[in-house]
Number of protein chains: 2
Amino acid sequence: MGVTIKDIAKRAGVSVTTVSRALNGYKDIRPETRDRILRIAEEMNYRPNAVARSLVMKQSRTIGLIISGLTRSRAGHDLTFNIICGVNDRATEAEYDLVLSTTDPSRQEQVPYMELCRRRQLDGVILMGVRTDDPYLKEVLEASVPCVLIDVPLVGEKCSHVTLDNERGARLAVQHLIAEGHRQIGMINGHAQAFVSLERLNGYRNALKEAGIEYRPERVFFGDFEESSGQEGVRHLLSRFPETTAVFCASDTMAIGAIRELKAMGKRVPEDVSVMGFDDIELASFVTPLLSTVHQPFYEFGTRAVDLLIRLLKGELGTADVVEPHLAIRESTAPRCP
Amino acid sequence: MGVTIKDIAKRAGVSVTTVSRALNGYKDIRPETRDRILRIAEEMNYRPNAVARSLVMKQSRTIGLIISGLTRSRAGHDLTFNIICGVNDRATEAEYDLVLSTTDPSRQEQVPYMELCRRRQLDGVILMGVRTDDPYLKEVLEASVPCVLIDVPLVGEKCSHVTLDNERGARLAVQHLIAEGHRQIGMINGHAQAFVSLERLNGYRNALKEAGIEYRPERVFFGDFEESSGQEGVRHLLSRFPETTAVFCASDTMAIGAIRELKAMGKRVPEDVSVMGFDDIELASFVTPLLSTVHQPFYEFGTRAVDLLIRLLKGELGTADVVEPHLAIRESTAPRCP
DNA sequence: CCTGGTTTCGGAAACGTTTTCGGCAGGATG
DNA sequence: CATCCTGCCGAAAACGTTTCCGAAACCAGG
């Protein structure tokens, strides 16, 4: 159907070798024949067949974006989408094709990481959404195809990652709470299978310690990043520590749930209790009160991930890219009422 | 690097033909040799090379998801993401790989539709975000690779589409407004380059006509689906028709902008003016007041698009899949105050 | 024993590229 | 004149599959 390199060769009266040379800009070809071939290719509307090329070159100029647990969580919408956009934009800039793939822990056992890569002959992959106990994690580190992880702080020879400085982000958040006069501060964390949860917990602890406030494990509730666990979290926290005047949530979604529950309990936000989120999703700028939170540049995560991957593809060693957090202070936090 | 069919053949002492036969479950092979080969393949951890297979079979078991104007619009986030999820889920179910690709009108001129398909040897594509004046639209209809359009009501021999019954959705929306007692109803439409805009306008007109209300073209403002054009829309509409008590917006995002502007003008929503949206994006359930709107099942659009494409791939003729709208009445609409 | 039909298998071409190797001119050098 | 580059080009192998065609081997019927 399509016009091939052979057709051009025939029409130009040369061999396929010469056509290939002309098309790929090699030097050992007479300029006139090169131009003639190029003109003919143009006329015949020739388009190279990437599949055939991949087969012989053993690389596909394709990167895989593998997302674990995509549809499961409602929390990740805005977040995931922006990363996808960043990856896509940067990948097409660099002339890489992008194949989208999703898994979950059970599928990860069924189909191993390397099979996924080999099947499509992926040059590299960007992996997000994996949990600490996911099978892919070990596979990735000892695999032969380069990989960059998002929000998983691991590096290997052929493995980089990009993530926020989560400890610092969390620390800034509760530092702000403390600066506003709060001392009875609870935390609603994500599940323990997420790396970021542990780091954010550390940030919370460190901020308290700096301020000379005692850390009490009972003050942190482990949810699952979803709205309902935010509600559950405040019920749990407030019943045990009614004197709480501020709560730090490890996701905006949970913060929204927390606010909803606080309102249902007759508390005012932020007058009675301040709540701080994490992520700065789009919703944070639309709910009432507007959510104070720590901003994560998700789109940039996507572009950076591609950059890291391209460096890996060039043979450079794996590296870490941790981006600076900054606060977005809005309406859901306020000075503690005396 | 990877183990190939040839390695298996050597180890099993048969030809590659026989191995291929065993692997693909053909019948002209002795059951014992088939089982033996299968066992060996298993042992050697063989994975077929999809690239080589694509080359010879001239089909890739890959579908392209081409999105025009992805990052440009903030309006489309939730919408686009859900469609992507639907497409992805259904595609992996059907064992198709998904390559993500984005364009915009200018890129569409540079790289023709068919080139995109041929390069990756796509079996078919799902196309969304195209406008009435986009180059791809003509190309798609006369192209040789099957295509399903989202929200573009065109069918061809190898071209299906899935869309909401937009006329009906809009009609239901303003019928509801009319039923609430409103008669001074403005409309904030999308841009004229979107098919849905025209259909929604028809719905608006038809609902008015049914109710015996005069249709006045000056009462409809053409925006661009974005929040700011919603604000602009109410300024325009309210300055010309201060007696307006309800406005129907062709997107939730514009509705949110409209509400914001109305509040800024000192009007209460819905007491002074009702506003109705379109799309039912996630945000609609979080803003205050909660947005009344017409629901679109975006995720389902994605899955249905894949189903349509698969039927096209089987050789069936192009067809239309128009899904029934239904209203989600919440807080932003209310009976007209007497 | 011959014929004809199955069953089971292998050789080889094909898909569209890239790349290695070598060949043939022509000019420069000895 | 012999030798050696250098510039330009073609033949052919290779990538990993699938598939067409034919060939053994076996069996049944005559």
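Heavy atoms only: backbone and side chains are in, while hydrogens, waters and symmetry mates are out.
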At less than 3.5 Å, do the side-chain atoms of A:Arg47 and the base atoms of C:dG16 form a donor-acceptor pair?
no
In short, A:Tyr113 meets A:Ala143 closest at the heavy-atom pair CE2-CB, 3.5 Å
Checklist entry - So does A:Thr33 get a side-chain nitrogen or oxygen closer than 4.0 Å to the phosphate oxygens (OP1/OP2) of D:dC8? => result no
State whether A:Tyr26 places a side-chain N or O below 4.0 Å from either non-bridging phosphate oxygen (OP1 or OP2) of C:dT20.
no
To the nearest angstrom, the CD1-C1' distance between A:Ile37 and D:dC8 comes to 11 Å
| Does OP1 or OP2 of C:dG10 have a side-chain N or O of B:Thr18 closer than 4.0 Å? | yes
| field | B:Ser60-B:Arg53 side chain donor-acceptor pair, cut-off 3.5 Å | value | no
Under a plain distance cut-off of 3.5 Å, with no hydrogens placed, do B:Ser68 and B:Gln108 share a side-chain donor-acceptor pair?
yes
Worksheet item: Between A:Thr4 and C:dG16, does any side-chain N or O lie under 4.0 Å from OP1 or OP2?
Response: no
Short side-chain N/O contact to D:dC15 OP1/OP2 from B:Asn49, under 4.0 Å: no
_Would you say A:Arg30 places a side-chain N or O within less than 4.0 Å of OP1 or OP2 belonging to D:dC9?_
yes
Of B:Thr17 and A:Leu55, the one whose closest nucleotide on DNA chain C sits nearer the 5' end is B:Thr17
Side-chain H-bond candidate by donor/acceptor type, A:Tyr299 with A:Asp89, under 3.5 Å: yes
**Q.** Sugar-phosphate, base or nothing in reach of A:Ser54, heavy atoms under 4.0 Å
**A.** nothing
Report which part of the nucleic acid B:Val14 touches: base, sugar-phosphate, or nothing (heavy-atom distance under 4.0 Å, all strands). sugar-phosphate
Of the listed C:dT18, D:dG16, D:dT18, the closest approach to the A:Asn24 side chain comes from C:dT18
In whole angstroms, the gap separating P of D:dT19 from CE of B:Met57 amounts to 6 Å
When rounded to whole Å, the CZ to P distance for the pair A:Arg53 and D:dT17 reads 21 Å
Taken to the nearest whole Å, CD1/A:Ile5 to C1'/D:dG10 is 13 Å
Rounded to whole Å, the NZ-P distance (A:Lys10 to D:dG10) equals 15 Å
* To do: Please check the phosphate of C:dG16 (OP1 and OP2 only) for any side-chain N or O of B:Lys58 closer than 4.0 Å.
  => yes
Task: cation_pi(B:Arg21, B:Tyr26) dist<6.0 Å, angle<=45 - done: no
The answer to which of A:Asp28 and A:Val56 contacts DNA chain C further toward the 5' end, by nearest nucleotide, is A:Val56
- Side chains of B:Ser20 and B:Thr17: do they bring a donor and an acceptor to under 3.5 Å? no
Between NZ of B:Lys6 and C1' of C:dG10 the distance, given in whole Å, is 15 Å
B:Arg21 atom CZ is separated from D:dC21 atom P, nearest whole Å, by 14 Å
Report yes if a side-chain nitrogen or oxygen of A:Ser20 is closer than 4.0 Å to either non-bridging phosphate oxygen (OP1 or OP2) of C:dT18; otherwise report no. yes
To the nearest angstrom, the CD1-P distance between A:Ile8 and C:dG16 comes to 12 Å
